[in-house]
Student: 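Have a look at this one before I ask anything.
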Amino acid sequence: MSGRFQTPRGTEDILPEEQPYWRAIHDAAGEVTRLFGYERLDTPTFEDAALFEKGTGDTTDIVEKEMYSFQDQGGEALSLIPEATPAICRAYLEHGLASRPQPVRLFTIARMFRYNRPQLGRLRQFNQFDCEVLGSGTALVDAELIELHWRFYERLGLENLEIRLGSIDDLEARRAYLDRLRDYYLPLRDQLSEDSQRRLDRNPLRLLDSNDPRDQELREGAPTMIDDLSPEAAEHFEGVKDGLTAAGVPFVVDPLLVRGLDYYNRTVWEIVPKGDGRQQSSIGAGGRYDGLIETIGGKPTPASGFATGLERVIIEMKRQELPLRDAGAPDAFVVHAGAEGGRAAVRAGAELRGAGFVTLLGESGRSFKAQMRRANGSGARFAIIIGEDEAARGVAALKDLREQGDQEDVPLGEIAARLGQELR
RNA sequence: GUGGGCGUAGCGUAGUGGUUAACGCGUCAGGUUGUGGCCCUGAAGAUCGAGGGUUCAAAUCCCUCCGUCCACCCCA
């Protein structure tokens with residue numbers, strides 16, 4: 001089958017049978033944001049490339065090697081959005097949302113693009129549900145976001161998830177910590193795995209979540225950030241934990257939680273399925289980013305938010321075999337034959353749909369047997385049969401497909417009323 | 001971006017050098033007069049991911065590319 005076109009690498013079609021998952025996700029997101037009072041804000045699919053270079057950070061992998069960037073015919077440097085947060089912040093500044101009552105609670109559901117090597121749960125084009133609260137630095141806002149995040153999965157019916165919560169302090173304190181961490185590891189360099197020796201220079205935090213046994217042993221004596229937070233960050237962290245406890249949301253403090261974007265400060269969290277060893281298992285993650293808005297040209301504005309990867313959520317929904325609302329079988333399937341029967345079938349269809357009944361028509365030219373098979377396969381409750389004979393008599397034969405046998409003639413024009421009685 | 005596994009009809013699989021590539025599900029058509037589910041019969045559907053090479057002979061061996069999955073990396 002090649003030679004034929006196929007979806008570009010790392011992209012996928014969403015076929016009809018996949019749609020119930022997406023419907024469930026949109027319903028759950030809509031419901032949970034409504035309950036928490038979040039408003040939807042949608043941004044463009046592409047933005048000024050510099051927004052992410054500044055916002056996300058031009059030393060991050062996302063910006064350095066994963067952005068789809070291009071120049072348009074007018075010479076503008078643009079990027080397909082790799083994440084929503086800087087775009088939401090841009091919109092917040094551009095439209096003066098800072099002048100509305102603070103904080104502003106927003107959400108979006110959008111496609112994101114990152115050029116990386118595809119894997120299960122890692123696509124080049126993927127969808128995220130994203131919530132942000134701008135204009136508040138309180139711990140309770142973080143707790144609220146984590147709770148909302150949690151309730152979203154809860155509403156979908158997902159179980160066996162775990163919130164991992166951590167704090168990475170503020171920038172200055174984090175730099176000091178990184179120095180301490182490096183000081184600890186430097187003399188031990190030779191004992192580290194090859195990967196970790198490289199990490200020591202590039203991203204020392206990564207040493208802490210290495211899977212290599214050698215690294216894990218050395219980790220025992222390493223300083224941890226969470227036990228040595230600045231007083232302000234420590235108090236904030238306590239506030240987040242208090243808020244979650246009050247909300248009845250379970251969490252585990254993870255001192256090794258080092259994942260996430262560079263702009264995060266203080267609160268960070270991720271939600272993962274318990275006992276899943278895969279690398280792409282985190283289905284959602286978030287954190288506070290008090291410095292980002294200033295970085296992209298706004299006044300210093302505290303903010304916090306999270307994103308959840310919807311394809312990853314669906315992987316987990318399938319794994320947990322969640323029951324989905326089925327799309328709904330048709331109410332009626334109209335079987336017909338002959339020119340006059342065809343016209344009557346179209347009229348019957350219009351009448352039925354006008355009355356709110358989901359109605360499918362059989363294929364003209366196909367045998368009754370074929371059409372009846374299709375009617376049965378469609379799951380329709382009733383078959384409405386209009387052949388030459390019925391059409392001539394101005395009636396349709398109504399047949400309940402749940403039972404054997406019985407069918408009766410109903411005058412054309414009274415079909416919808418009759419179905420109404422049968423289906424209430 | 002690095003390393004590795006895999007790639008046979010729409011889907012799931014069998015076949016690992018030798019006649020027209022097999023099976024299940026699905027699709028289509030039939031099983032006497034215009035009627036479904038079960039059953040039966042038949043048909044369509046595959047340049048065996050693509051291109052090149054080795055060989056008398058390749059789905060099967062080799063190379064390249066594409067796709068997918070796993071690890072690394074990154075992250076949702």
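Note on naming: letters A, B, ... go to the chains in the order of the sequence lines (proteins, then strands), and numbering restarts at 1 for each one.
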Student: Which whole-number value in Å describes the distance from A:E132 CD to B:rA76 P?
Tutor: 11 Å
Student: Paired with B:rA9: which nucleotide, if any, by Watson-Crick or G-U wobble criteria at under 3.5 Å for both distances?
Tutor: none
Student: Contact class for A:E390 vs. all strands (heavy atom < 4.0 Å): base, sugar-phosphate, or nothing?
Tutor: base
Student: For B:rA29, give its Watson-Crick or G-U wobble partner with both distances under 3.5 Å, or none.
Tutor: B:rU41
Student: Starting at CG of A:N376 and ending at C1' of B:rU27, how long is that distance when rounded to a whole Å?
Tutor: 16 Å
Student: When you check the phosphate oxygens OP1 and OP2 of B:rU68, does a side-chain N or O of A:R9 lie under 4.0 Å from one of them?
Tutor: yes
Student: Could you tell me the separation between the CD1 atom of A:I385 and the P atom of B:rG36, rounded to a whole number of Å?
Tutor: 10 Å
Student: Which part of the nucleic acid, if any, lies within reach of A:R374 when heavy atoms closer than 4.0 Å are counted: base, sugar-phosphate only, or nothing?
Tutor: sugar-phosphate
Student: Counting only Watson-Crick or G-U wobble pairs whose two distances fall under 3.5 Å, which nucleotide matches B:rG34?
Tutor: none
Student: Counting only side-chain N and O atoms of A:Y115, is one of them less than 4.0 Å from OP1 or OP2 of B:rG1?
Tutor: yes
Student: Rounded to whole angstroms, how far apart are CZ on A:R381 and C1' on B:rG36?
Tutor: 15 Å
Student: Contact class for A:A337 vs. all strands (heavy atom < 4.0 Å): base, sugar-phosphate, or nothing?
Tutor: nothing
Student: Does this structure show an ion pair linking A:E18 with A:K318, if we count only N-O contacts that are shorter than 4.0 Å?
Tutor: yes
Student: Side-chain N or O of A:R366 versus OP1/OP2 of B:rA29: is the shortest distance under 4.0 Å?
Tutor: yes
Student: With both distances under 3.5 Å as the test, what is the Watson-Crick or G-U wobble partner of B:rA59?
Tutor: none
Student: Who does B:rC65 pair with, Watson-Crick or G-U, both distances under 3.5 Å?
Tutor: B:rG49
Student: If I pick the C1' atom on B:rU8 and the same atom on B:rC48, what distance separates them, to the nearest angstrom?
Tutor: 4 Å
Student: Any N or O donor-acceptor pair linking the side chain of A:R373 to the base of B:rG30 at under 3.5 Å?
Tutor: yes
Student: Whole-Å distance between B:rU68 P and A:L123 CG?
Tutor: 9 Å
Student: When you compare B:rU32 with B:rG36, how far apart are their P atoms, in angstrom units rounded to a whole number?
Tutor: 11 Å
Student: I want to verify a distance call: between B:rC72, B:rC28, B:rU68, whose nearest atom is closest to the A:P118 side chain?
Tutor: B:rU68
Student: Quick one: is A:Q119 getting a side-chain N or O under 4.0 Å of the B:rA71 phosphate, OP1 or OP2?
Tutor: yes
Student: Could you check which of B:rA76, B:rG67, B:rG36 has an atom nearest any side-chain atom of A:R122?
Tutor: B:rA76
Student: Between A:E388 and A:S367, which has a closest nucleotide on RNA chain B that is more 5'?
Tutor: A:S367
Student: Starting the side chain at C-beta, find the nucleotide from B:rU35, B:rA76, B:rC69 nearest to A:L120.
Tutor: B:rC69
Student: Indicate, with a heavy-atom threshold strictly under 4.0 Å, whether A:A307 touches base, sugar-phosphate, or nothing.
Tutor: sugar-phosphate
Student: Taking the C1' atom in each of B:rC72 and B:rU27, what is the distance between them to the nearest angstrom?
Tutor: 44 Å
Student: More than 12 foreign heavy atoms under 6.0 Å from CD of A:E39: is that the case here?
Tutor: no
Student: Rounded to whole angstrom units, what separation is found between the CZ atom of A:F5 and the P atom of B:rA50?
Tutor: 16 Å
Student: Rounded to the Å, how far apart are A:D409 CG and B:rU35 P?
Tutor: 16 Å
Student: Are A:E414 and A:R418 ion-paired here, with the side-chain N under 4.0 Å from a carboxylate O?
Tutor: no
Student: Are A:F152 and A:F129 an aromatic pair, judged by ring center distance below 6.0 Å?
Tutor: yes
Student: With RNA chain B as reference, determine whether A:D389 or A:E66 sits nearer its 5' end, using the nearest nucleotide of each.
Tutor: A:D389
Student: So does A:K399 reach the base of B:rU35 with its side chain, donor to acceptor, closer than 3.5 Å?
Tutor: yes
Student: Quick one: CD1 on A:I384 to CG on A:L361, what's the gap to the nearest 0.5 Å?
Tutor: 9.5 Å
Student: Would you call A:R288 and A:D142 a salt bridge, taking side-chain N to carboxylate O under 4.0 Å as the test?
Tutor: yes
Student: Using the C1' atom in both, what is the distance from B:rG49 to B:rU60, to the nearest Å?
Tutor: 15 Å
Student: Could you please name the option among B:rG31, B:rA76, B:rC70 that lies closest to any side-chain atom of A:Y264?
Tutor: B:rA76
Student: Between A:R117 and B:rU68, is there a side-chain N or O to OP1/OP2 distance below 4.0 Å?
Tutor: no
Student: Any side-chain heavy-atom pair from A:H236 and A:T138 closer than 4.5 angstrom?
Tutor: no
Student: Take atom C1' in B:rA9 and the same atom in B:rG17, then report the distance between them in whole Å.
Tutor: 23 Å
Student: Counting only Watson-Crick pairs (N1-N3 plus N6-O4 or O6-N4) and G-U wobbles (N1-O2, O6-N3), all under 3.5 Å, who is the partner of B:rU2?
Tutor: B:rA71
Student: Among B:rC70, B:rU35, B:rC74, which nucleotide sits nearest the side chain of A:D61?
Tutor: B:rC74
Student: Quantified in whole Å, what is the C1' atom distance between nucleotide B:rC6 and nucleotide B:rU20?
Tutor: 29 Å
Student: Classify A:G338 by what it touches in the nucleic acid, base, sugar-phosphate, or nothing, heavy-atom distance under 4.0 Å.
Tutor: nothing
Student: Find the distance A:E270:CD to B:rA76:P and express it as a whole number of Å.
Tutor: 9 Å
Student: Would you check, one step at a time, whether the test side-chain contact (heavy atoms from CB on, under 4.5 Å) holds for A:R175 with A:L178?
Tutor: CA-CA 5 Å; A:R175 284 197 180 128; A:L178 287 178; 5.5 Å; no
Student: Would you call A:E162 and A:R164 a salt bridge, using N to O less than 4.0 angstrom?
Tutor: yes
Student: At 4.0 Å (heavy atoms only), tell me whether A:A397 reaches a base, stays on the sugar-phosphate, or touches nothing.
Tutor: nothing
Student: Roughly how many Å apart are B:rU16 and B:rU55, using the P atom of each and rounding to a whole number?
Tutor: 24 Å
Student: Across the strands shown, which category fits A:L310 at heavy-atom distances under 4.0 angstrom: base, sugar-phosphate, nothing?
Tutor: nothing
Student: If pairing requires Watson-Crick or G-U wobble contacts with both distances under 3.5 Å, which nucleotide is the partner of B:rA21?
Tutor: none
Student: Can you say whether a donor on the side chain of A:Q407 sits under 3.5 Å from an acceptor on the base of B:rU35, or the other way round?
Tutor: yes
